[in-house]
K.L.:
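Here's a structure for you.
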Amino acid sequence: MLDIRLLREAPSAVKARLETRSSQFPDLVDQILAIDARRRESETRVQHLRAEKNRLSKEIGMMKKSGGDSSEFENQVKGFASEMDDLGRLATELDAEQRDLLLRVPNLPSPGTPEGREAADNAVIRSWGVPTPSNSEDHVTIGERLGLFDLERAAKISGSGYVIHTGAGARLERALINFLLDLQTRSHGYTEVAPPVLVRRDCMEGTGQLPKFEEDMYGFDGGDSFLTPTAEVSLTNIHRDEILSVSTLPLKYTACTPCFRREAGSAGRETRGMIRMHQFNKVELVKICTPEQSSAELETLTADAEKVLQLLQLPYRVLELCTGDIGFSAARTYDLEVWAPGQGAYLEVSSCSQFNDYQARRMNLRYKNAEGKNVFCHTLNGSGTALPRLYVALLETHTKPGGPLILPDPLQPYFGAAQIG
RNA sequence: GGUGAGGUGGCUGAGUGGUCGAAAGCAGCGCUUUGCUAAAGCGCCGUACUCCAAAAGGGUACCCAGGGUUCGAAUCCCUGCCUCACCGCCA
């Protein structure tokens with residue numbers, strides 16, 4: 001959430017920055033400022049009435065104590081009680097309305113974020129490895145041939161968008177998870193966490209999935225709790241409503257959890273195979289740090305995710321997303337796209353984002369700085385990485401048509417063999 | 001799921017209708033004194049919002065959350081959430 005004071009003090013700068021995302025946002029800012037003005041006006045009047053009420057009540061107390069007659073004062077207080085109630089209600093309403101609208105304003109893109117409207121405007125900033133020619137089998141063919149997973153029976157029990165990993169395929173999934181978590185904890189210093197995947201509504205608001213994207217989420221109990229679409233939600237919210245000691249920062253957490261997404265509006269897109277799922281495993285990396293640390297932490301976070309692809313010998317490229325393509329809560333984002341020869345395309349396997357204090361403000365996550373002031377933290381996250389697309393790239397890259405899947409060296413001890421098939 | 005007990009400031013913990021944003025202690029900060037990694041004394045020490053051009057200084061709200069009773073609520077009532085204990089059920 002943006003600081004309302006920033007909107008008040010520099011509305012045109014804020015609107016100009018939001019405009020680079022989409023033209024719908026400047027109007028929203030005006031709407032919020034109008035409500036803010038009304039809200040403050042009614043709040044001020046209520047406060048004055050309450051001050052008067054408190055003063056009279058205090059006098060009544062003293063009169064009662066000394067045995068005087070206070071009925072005149074009592075009537076006086078009663079006299080403006082209803083005006084006070086009305087104004088108070090109005091102020092509360094406007095406050096809620098303002099907050100709700102403010103929660104629907106996305107983060108300001110960082111100054112360095114390239115401007116652009118759509119994915120085509122993203123900037124390729126580096127690539128690694130040489131993409132293999134796209135004449136291999138696709139992962140569905142390989143998976144069927146080697147008996148690694150079963151999409152049809154998954155559809156039978158859960159519908160489309162689910163997978164059953166079977167036999168060596170299930171073991172490979174487990175080997176990948178262990179490899180990824182060990183890499184991030186042992187080599188990169190993240191603390192492993194095994195969080196709940198069902199969270200309360202306020203956590204989903206904290207990281208920015210709600211209120212705007214409720215139709216993409218699996219909700220329960222009338223919208224009180226949700227299955228998390230990414231471990232980002234659980235991990236970043238761990239310290240919500242806390243004031244952290246600066247000496248503990250940056251905090252670095254990783255977790256592998258199932259992720260649940262309705263993918264509303266994505267029907268028909270990339271539906272073959274495991275590229276877009278309603279449930280999938282993902283290793284997530286989350287950092288909580290100070291504003292000063294934040295930008296450098298984005299670079300190391302991205303490098304931590306890239307290491308996965310390098311070790312697994314999977315060619316990839318890194319994009320810096322443009323203003324029109326970065327996520328709602330993000331100020332700046334690098335996407336890692338792995339080459340999938342069977343698709344003849346790059347697949348997004350990680351999105352590494354810097355949120356500045358946008359999420360922290362939503363979840364009231366602060367730290368006490370050297371001057372003893374409570375300051376909002378900065379948060380970051382990225383995948384390290386999503387399993388299904390990593391799996392797809394692994395199969396399509398390391399399998400020759402009709403041949404076995406040759407596992408990259410670092411994976412072999414985790415799987416317990418050098419190849420499958 | 002049932003029963004019971006609770007949720008007060010960074011922590012411990014008083015406070016059962018009025019002058020309580022809240023005693024006291026601890027921790028923290030500042031000063032003084034004592035020549036020795038410490039003690040004692042004194043002072044300061046919550047957050048958010050808001051008014052004022054700003055500072056100074058006011059004001060309002062906050063004792064888990066939301067409602068209610070009352071001229072007045074940390075205190076009484078209702079609901080919810082959470083914690084603890086025991087019972088039941090269960091991977």
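Every chain is numbered from 1 and lettered A, B, ... according to where its sequence line falls, protein lines coming before strand lines.
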K.L.:
Suppose you measure atom C1' in B:rG21 against the same atom in B:rG59; what distance do you get, rounded to whole Å?
P.N.:
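These two C1' atoms come out 14 Å apart once rounded.
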
K.L.:
Starting at the 5' end of RNA chain B, which residue's closest nucleotide do you reach first, A:Lys368 or A:Gly61?
P.N.:
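Upstream on the strand: A:Gly61.
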
K.L.:
Is A:Arg171 close enough and on-axis enough to A:Phe415, meaning under 6.0 Å and within 45°, for cation-pi?
P.N.:
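Here A:Arg171 passes the 6.0 Å and 45° test against A:Phe415.
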
K.L.:
Could you tell me how far apart A:Arg201 (CZ) and B:rC81 (C1') are, to the nearest whole angstrom?
P.N.:
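Checked: the CZ to C1' distance equals 16 Å.
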
K.L.:
Just call it for A:Ile60: base, sugar-phosphate, or nothing, with non-hydrogen atoms closer than 4.0 Å on any strand.
P.N.:
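Base, at least one base atom sits under 4.0 Å.
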
K.L.:
Write down the partner of B:rC36 under the Watson-Crick or G-U wobble criteria, each distance required to be under 3.5 Å.
P.N.:
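Per the H-bond distance test, none.
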
K.L.:
Could you check whether A:Glu137 pairs with A:Arg145 (Lys NZ or Arg NE/NH1/NH2 to Asp/Glu carboxylate O, under 4.0 Å)?
P.N.:
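Salt bridge present between A:Glu137 and A:Arg145.
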
K.L.:
With a 3.5 Å limit on both atom pairs, tell me what B:rA55 is paired to, counting Watson-Crick and G-U wobble, or say none.
P.N.:
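Pair assignment: B:rA55 / none.
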
K.L.:
For B:rU47, which nucleotide is its Watson-Crick or G-U wobble mate, given both distances must be under 3.5 Å?
P.N.:
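Answer to the pairing question: B:rA61, which forms a Watson-Crick or G-U pair with B:rU47.
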
K.L.:
Under 4.0 Å between a Lys/Arg side-chain N and an Asp/Glu carboxylate O for A:Arg361 and A:Asp3?
P.N.:
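Judged by the 4.0 Å cut-off on N to carboxylate O distance, A:Arg361 and A:Asp3 do form a salt bridge.
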
K.L.:
Could you tell me whether A:Arg201 and A:Glu214 make a salt bridge, using a distance below 4.0 angstrom between a side-chain N and a carboxylate O?
P.N.:
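So A:Arg201 pairs with A:Glu214 through a salt bridge.
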
K.L.:
Rounded off to whole Å, could you give me the CG-to-P distance for the A:Asp241 and B:rC81 pair?
P.N.:
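Distance, rounded to whole Å: 18 Å.
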
K.L.:
Give me the distance, rounded to whole Å, that separates B:rA27 from B:rU12 when you measure between the P atoms they each carry.
P.N.:
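Comparing P positions in B:rA27 and B:rU12 gives a spacing of 15 Å.
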
K.L.:
Tell me the partner of B:rU3, counting only Watson-Crick (N1-N3 plus N6-O4 or O6-N4) or G-U wobble (N1-O2 and O6-N3) with both under 3.5 Å; none if nothing fits.
P.N.:
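Its partner is B:rA85 (Watson-Crick or G-U wobble, both distances under 3.5 Å).
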
K.L.:
Encode nucleotides 48-64 of chain B as B, S and - characters from 5' to 3', where the letter depends on protein heavy atoms closer than 4.0 Å: B to the base, S only to sugar-phosphate, - to neither.
P.N.:
-BSS-------BBS---

K.L.:
Output yes when at least one side-chain N/O atom of A:Lys58 is less than 4.0 Å from OP1 or OP2 of B:rU19, else no.
P.N.:
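For B:rU19, neither OP1 nor OP2 has a side-chain N or O of A:Lys58 closer than 4.0 Å.
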
K.L.:
Could A:Asp224 and A:Arg200 be called an ion pair, given the rule that one side-chain N must be under 4.0 Å from one carboxylate O?
P.N.:
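Answer for the salt bridge query: no.
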
K.L.:
Can you tell me, in whole Å, how much space there is between the P of B:rU69 and that of B:rC78?
P.N.:
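The same atom, P, in both gives a distance of 15 Å.
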
K.L.:
If B:rC71 has a Watson-Crick or G-U wobble mate with both distances under 3.5 Å, name it; if not, just say none.
P.N.:
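The answer is B:rG18, by the H-bond criterion.
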
K.L.:
Whole-Å distance between B:rU70 P and A:Lys78 NZ?
P.N.:
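Value for this atom pair: 8 Å.
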
K.L.:
Give the rounded distance in Å between these two atoms: CZ of A:Arg200 and C1' of B:rG80.
P.N.:
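Roughly 10 Å, once rounded to whole Å.
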
K.L.:
My understanding is that a pair needs two contacts under 3.5 Å, Watson-Crick or G-U wobble. By that rule, which nucleotide pairs with B:rU12?
P.N.:
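Its partner is B:rA24.
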
K.L.:
Could you identify the nucleotide paired to B:rC42, looking across every strand shown and requiring Watson-Crick or G-U wobble geometry with both distances under 3.5 Å?
P.N.:
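For B:rC42, the partner nucleotide comes out as B:rG30, under the 3.5 Å rule.
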
K.L.:
Check this for me, if you would: do A:Asp36 and A:Arg40 make a salt bridge, where the nitrogen-to-carboxylate-oxygen distance has to be below 4.0 angstrom?
P.N.:
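Between A:Arg40 and A:Asp36 there is a salt bridge, with a charged N closer than 4.0 Å to a carboxylate O.
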
K.L.:
Using the P atom as the reference point in each nucleotide, state the distance between B:rA53 and B:rA48 in Å, no decimals.
P.N.:
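My reading of the P atoms in B:rA53 and B:rA48 gives 23 Å.
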
K.L.:
Just how far is it from atom CG of A:Leu390 to atom CG of A:Asn281, taken to the nearest 0.5 Å?
P.N.:
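That separation rounds to 11.5 Å.
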
K.L.:
Between B:rU50 and B:rC45, how far is it from one P atom to the other, in whole Å?
P.N.:
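Those two atoms are separated by 23 Å.
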
K.L.:
Does B:rC90 have a Watson-Crick or wobble mate here (both distances under 3.5 Å), and if so which one?
P.N.:
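Checking every strand shown, B:rC90 finds no partner, since no pair has both distances under 3.5 Å.
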
K.L.:
Checking side-chain polar atoms at under 3.5 Å, does A:Ser383 have a donor or acceptor matched by the opposite partner on A:Thr385?
P.N.:
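On atom types as modelled, these side chains do not qualify, holding no pair under 3.5 Å.
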
K.L.:
Looking only at atom P, what distance separates B:rG9 and B:rG1, rounded to whole Å?
P.N.:
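Result for the P pair: 28 Å, nearest Å.
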
K.L.:
How far does the C1' atom of B:rG57 sit from the matching atom of B:rC42, given to the nearest Å?
P.N.:
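After rounding to an integer number of Å, I get 26 Å for this pair.
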
K.L.:
Could you work out the separation of B:rG15 and B:rC63 based on their C1' atoms and round it to a whole Å?
P.N.:
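Pairwise C1' distance, B:rG15 against B:rC63, rounds to 10 Å.
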
